[in-house]
Amino acid sequence: MAKKTGMKLIANNKKAFHDYFIEDTYEAGIALAGTEVKSLRSGKCSIKEAFVRVENGEVYVYGMHITPYEKGNIFNKDPLRVRKLLLHRYEINKIEAKLKEKGLTLVPLKVYFKDSLVKIEIGMARGKKLYDKRQDIAKKDQRREAEREFKVKNLY
């Protein structure tokens, strides 16, 4: 029997792509407890205010909000608790070496199910300057105008 493979997006951090240049990405598992997986299955997760740190050779995500499961009672955990990310040792060493460069940080990009496992994509990011953000906004406006003109053109 073939195993069904697929990816279901739970949460996406669009603001990270606006505020940072993403230089490299890593896929990690998340150590979850209690009814957190059931909450994630119903799509109740936010990573807008989350950030990632490397401490004592381990990688942790802070500020990731998983809403408590309604029917979970005593098995629910704190929604903002610190969660450990599951990465290989060589990936952690590579991340630690890159973080020593000035201006680099780790940000969560998306949380998703992959083959029924909860995964998080984290990105090695460099902050954008204000003029970089203005250029991105101008490009989006130009693309939006072109799409609008194309729609109007196809109507007539």
Between atom [atom1] of [X] and atom [atom2] of [Y], what is the distance when rounded to the nearest 0.5 Å?
{"X": "E91", "Y": "L86", "atom1": "CD", "atom2": "CG", "answer": "11.0 Å"}
{"X": "L87", "Y": "K94", "atom1": "CG", "atom2": "NZ", "answer": "11.5 Å"}
{"X": "L32", "Y": "L40", "atom1": "CG", "atom2": "CG", "answer": "6.0 Å"}
{"X": "F51", "Y": "I122", "atom1": "CZ", "atom2": "CD1", "answer": "13.5 Å"}

### Query
With sequence neighbours left out, what residues match Y60 under side-chain hydrogen bond (donor to acceptor under 3.5 Å, both in side chains)?
none
### Query
Does E27 come within less than 4.0 Å of K114, counting only side-chain N to carboxylate O?
yes
### Message
Test your reading of the model: is there a side-chain donor-acceptor pair from R83 to the backbone of A33, 3.5 Å cut-off?
### Response
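A pair under 3.5 Å: no.
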### Query
Counting N and O atoms only, with roles assigned by atom type, does the side chain of R144 sit under 3.5 Å from a partner on the main chain of K139, one being a donor and the other an acceptor?
no
Exercise: identify the closest heavy-atom pair between [X] and [Y]:
{"X": "M64", "Y": "C45", "answer": "CE-SG, 3.8 Å"}
{"X": "V107", "Y": "A125", "answer": "CG2-CB, 4.0 Å"}
{"X": "L85", "Y": "A28", "answer": "CB-CB, 4.2 Å"}
{"X": "P108", "Y": "V52", "answer": "CD-CG2, 3.9 Å"}

### Message
Checking E147 now: which residues fulfil side-chain contact (heavy atoms from CB on, under 4.5 Å) with it, not counting sequence neighbours?
### Response
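E147 satisfies side-chain contact (heavy atoms from CB on, under 4.5 Å) with R143 once adjacent residues are dropped.
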### Task
Output all residues satisfying side-chain contact (heavy atoms from CB on, under 4.5 Å) with N56, sequence neighbours left out; order by chain, then residue number.
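For N56, no residue satisfies side-chain contact (heavy atoms from CB on, under 4.5 Å) once neighbours in sequence are set aside.
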### Summary
Hits for salt bridge (Lys or Arg N to Asp or Glu O under 4.0 Å) against E96, two or more places apart or cross-chain, chain-then-number order -> none
### Message
Run the salt bridge (Lys or Arg N to Asp or Glu O under 4.0 Å) test against K84 and tell me which residues pass, sequence neighbours left out.
### Response
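So K84 forms a salt bridge (Lys or Arg N to Asp or Glu O under 4.0 Å) with E58.
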Can you hop from [X] to [Y] via hydrophobic side chains spaced under 4.5 Å?
{"X": "F17", "Y": "M124", "result": "no"}
{"X": "I95", "Y": "I30", "result": "yes"}
{"X": "I92", "Y": "L99", "result": "yes"}
{"X": "Y26", "Y": "I22", "result": "no"}

[X] versus [Y]: any side-chain heavy-atom pair under 4.5 Å?
{"X": "Y62", "Y": "R53", "result": "yes"}
{"X": "K110", "Y": "L9", "result": "yes"}
{"X": "R148", "Y": "E145", "result": "yes"}
{"X": "Y112", "Y": "I120", "result": "no"}

### Message
Heavy-atom count check: over 12 atoms from other residues, nucleotides or ligands less than 6.0 Å from K98 NZ?
### Response
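Counting other residues, nucleotides and ligands, NZ of K98 exceeds 12 neighbours.
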### Task
For residues 39-49, pull every pair meeting side-chain hydrogen bond (donor to acceptor under 3.5 Å, both in side chains), keeping only residues two or more places apart or in separate chains.
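For residues 39-49, and leaving out neighbouring residues, the side-chain hydrogen bond (donor to acceptor under 3.5 Å, both in side chains) pairs sorted by first residue read K44-E70.
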### Query
What residue among I66, V111, L109, V61 forms side-chain contact (heavy atoms from CB on, under 4.5 Å) with I47?
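Looking at I66, V111, L109, V61, the match for I47 under the side-chain contact (heavy atoms from CB on, under 4.5 Å) is V111.
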